[in-house]
Amino acid sequence: MYLCLADHHHSLLAEGVDGDQKAIEDLTRQAKEQPPILAKITKARIKEIKAEKRAADRFGTVYKKAARRLTSFLEEALNQTSPEFLLSLPKNQLIELILSGGISETIEDFIEQQNKLLEAVNQSIQVVDPTYTPIFIKSEIDSIKALTVQNVFDDIIIPTVAKNVKDSLLSMVVDTPPKLAISNLALTLEKGAGTLQTEVRTKISQFGRSVNMIAADSVGLDLYLYTGPKDGITRSFCRPLIDKVLDKTQLSQLNNGQGLSVRSSGGGYNCRHSWSPITESFMKAADLQRATSADIAKANSGGRKK
């Protein structure tokens, strides 16, 4: 289902490989082989991936149900008015129609899944700093939550659905019977669910990593362990960095080759790796190694490969 590959096109859900499940299985294996202090970090990362996977899976389920309700809603609306009238609606009114037709439920569910991921991220920080409490950064976290919702729905989901609806209405105006046009719209929305689910998976992961970074800053943590699976679908960018410790300066030197922030996106679209904030004492106790300039160069070289 979710791949950790080098380009967006090949990371779409249609590939049929559940990268999240593979990551969970691989990390579970890692945790069994690691010293207890490091296994705690790995187990915390497993919880995060499960929360990210659940968010994406839930979006797919809720979106498909909402899309079916939307097409039924439009069909009923067309019994009362014409496609020409619906096409003439101002943008905000068309969006309101789409939301009231069922898409608003996907937003509500997404926010609920964000909160569950936030709980998993908080537990990860507490592995390193048991005294950590997110209350001191609540306003920052709330801002990121709101921005993530906006990025997912205002910038991706709603514009995509609105275009599909407008194209369907326009086809009715030109020459397509309404029932056939609605049927085609339902098929288009169904087919597009996978691509949108990929976007949601990427955004929810970015949200989790961003929270990790803010939480680390709030308690003065400046070192990050790159955690994640080591399997056959791991990116060339990620492979040299796994189980290595980097500081902020080193993070700024990384380039995943996808135009996405390494701090919030790791290796890029659908990346299953994350930056786990740690202390110097934790690094020494777990016998972890700092990333070298050669590791960074190798990762950047892998990021450039397509």
Side-chain angles (χ1 to χ4, degrees), residues 1-2 7-16 54-114 145-207 259-260 269-270:
M1 187 179 293
Y2 310 111
D7 73 65
H8 187 198
H9 176 74
H10 292 113
S11 69
L12 299 183
L13 302 172
E15 290 291 333
R54 182 170 55 246
D57 288 349
R58 279 287 303 168
F59 171 81
T61 300
V62 174
Y63 172 80
K64 289 176 183 178
K65 290 180 179 178
R68 288 193 289 271
R69 283 194 292 271
L70 175 60
T71 52
S72 296
F73 181 80
L74 283 173
E75 196 166 20
E76 292 176 7
L78 288 167
N79 290 331
Q80 307 296 324
T81 187
S82 67
E84 289 89 349
F85 175 78
L86 294 180
L87 274 173
S88 70
L89 291 175
K91 180 180 178 181
N92 64 319
Q93 290 186 28
L94 178 63
I95 290 174
E96 183 61 34
L97 182 147
I98 289 170
L99 290 172
S100 60
I103 298 300
S104 63
E105 293 182 20
T106 64
I107 300 176
E108 296 167 5
D109 189 78
F110 181 82
I111 293 172
E112 181 181 343
Q113 298 307 318
Q114 273 187 312
K145 284 174 64 177
L147 182 60
T148 301
V149 171
Q150 179 182 326
N151 285 342
V152 170
F153 291 93
D154 291 357
D155 299 342
I156 300 171
I157 309 298
I158 293 175
T160 298
V161 174
K163 181 182 184 304
N164 291 335
V165 169
K166 290 172 73 173
D167 287 347
S168 178
L169 292 171
L170 183 59
S171 72
M172 296 179 204
V173 172
V174 177
D175 60 2
T176 306
K179 284 189 177 297
L180 177 58
I182 290 293
S183 177
N184 290 339
L185 173 61
L187 184 61
T188 298
L189 293 174
E190 177 81 15
K191 286 183 175 180
T195 300
L196 295 179
Q197 196 171 342
T198 294
E199 295 286 358
V200 167
R201 176 65 178 82
T202 295
K203 294 297 183 183
I204 199 73
S205 296
Q206 289 175 342
F207 168 70
L260 297 174
Y269 288 100
N270 280 340

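Along the sequence shown, residues carry numbers from 1.
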Closest approach of Ala56 to Val200 (non-hydrogen atoms, all atoms of both residues):
CA-CG1, 4.4 Å
Please tabulate, for side-chain N and O atoms in residues 161-170, each donor-acceptor pair with protein atoms closer than 3.5 Å (sequence neighbours left out).
residue, atom, partner, partner atom, Å
Lys163, NZ, Asp167, OD2, 2.8
Asn164, ND2, Thr160, O, 3.3
Ser168, OG, Ala181, O, 3.3

Can you find a pair of side-chain heavy atoms, one from Tyr63 and one from Leu189, that are under 4.5 Å apart?
yes
Enumerate donor-acceptor pairs with a distance under 3.5 Å from any side-chain N or O in residues 67-75 to protein atoms, sequence neighbours excluded.
residue, atom, partner, partner atom, Å
Arg69, NH2, Glu105, OE1, 2.5
Thr71, OG1, Ala67, O, 3.3
Thr71, OG1, Arg68, O, 2.8
Ser72, OG, Arg68, O, 3.2

Glu199 to Tyr269 - nearest heavy-atom pair and separation:
OE1-CE2, 4.3 Å
Which distance, rounded to the nearest 0.5 Å, do you find between the CZ of Arg58 and the CD of Gln197?
11.5 Å
Looking at side-chain heavy atoms only, is the closest gap between Gln206 and Thr202 below 4.5 Å?
yes
About how many Å separate CG of Leu196 and CD1 of Ile156, when rounded to the nearest 0.5 Å?
8.0 Å
Might you point out which heavy atoms bring Gln114 and Phe207 nearest each other, and give the distance in Å?
O-CE2, 3.7 Å
How far apart are the closest heavy atoms of Thr148 and Lys203, and which atoms are they?
CG2-O, 4.0 Å
Does Leu97 offer a backbone N or O that forms a donor-acceptor pair with the side chain of Ser100 under 3.5 Å?
yes
Looking only at atom types and distance, does a side-chain atom of Thr188 sit under 3.5 Å from a main-chain N or O of Asn184, one as donor and one as acceptor?
yes
Which value, rounded to the nearest 0.5 Å, describes the distance between Ile103 atom CD1 and Phe153 atom CZ?
8.5 Å
Separation of Glu96 CD from Asn92 CG (nearest 0.5 Å)
8.5 Å
Nearest-0.5 Å distance, OG1 of residue Thr106 to CG of residue Leu99:
8.0 Å
Side chain to side chain, Ile111 and Glu108, heavy atoms closer than 4.5 Å
no
Rounded distance (nearest 0.5 Å) linking atom CD1 of Ile158 with atom NZ of Lys91
10.0 Å
Who are the salt bridge (charged side-chain N to carboxylate O under 4.0 Å, His left out) partners of Asp155, not counting sequence neighbours?
none
Check step by step if side chain to side chain contact (heavy atoms under 4.5 Å, CB included) holds for Phe59 and Ile204.
CA-CA 11 Å; Phe59 171 81; Ile204 199 73; over 6 Å; no
Between Gln113 and Ala55, which heavy-atom pair has the shortest distance, and what is it?
CB-CB, 3.6 Å
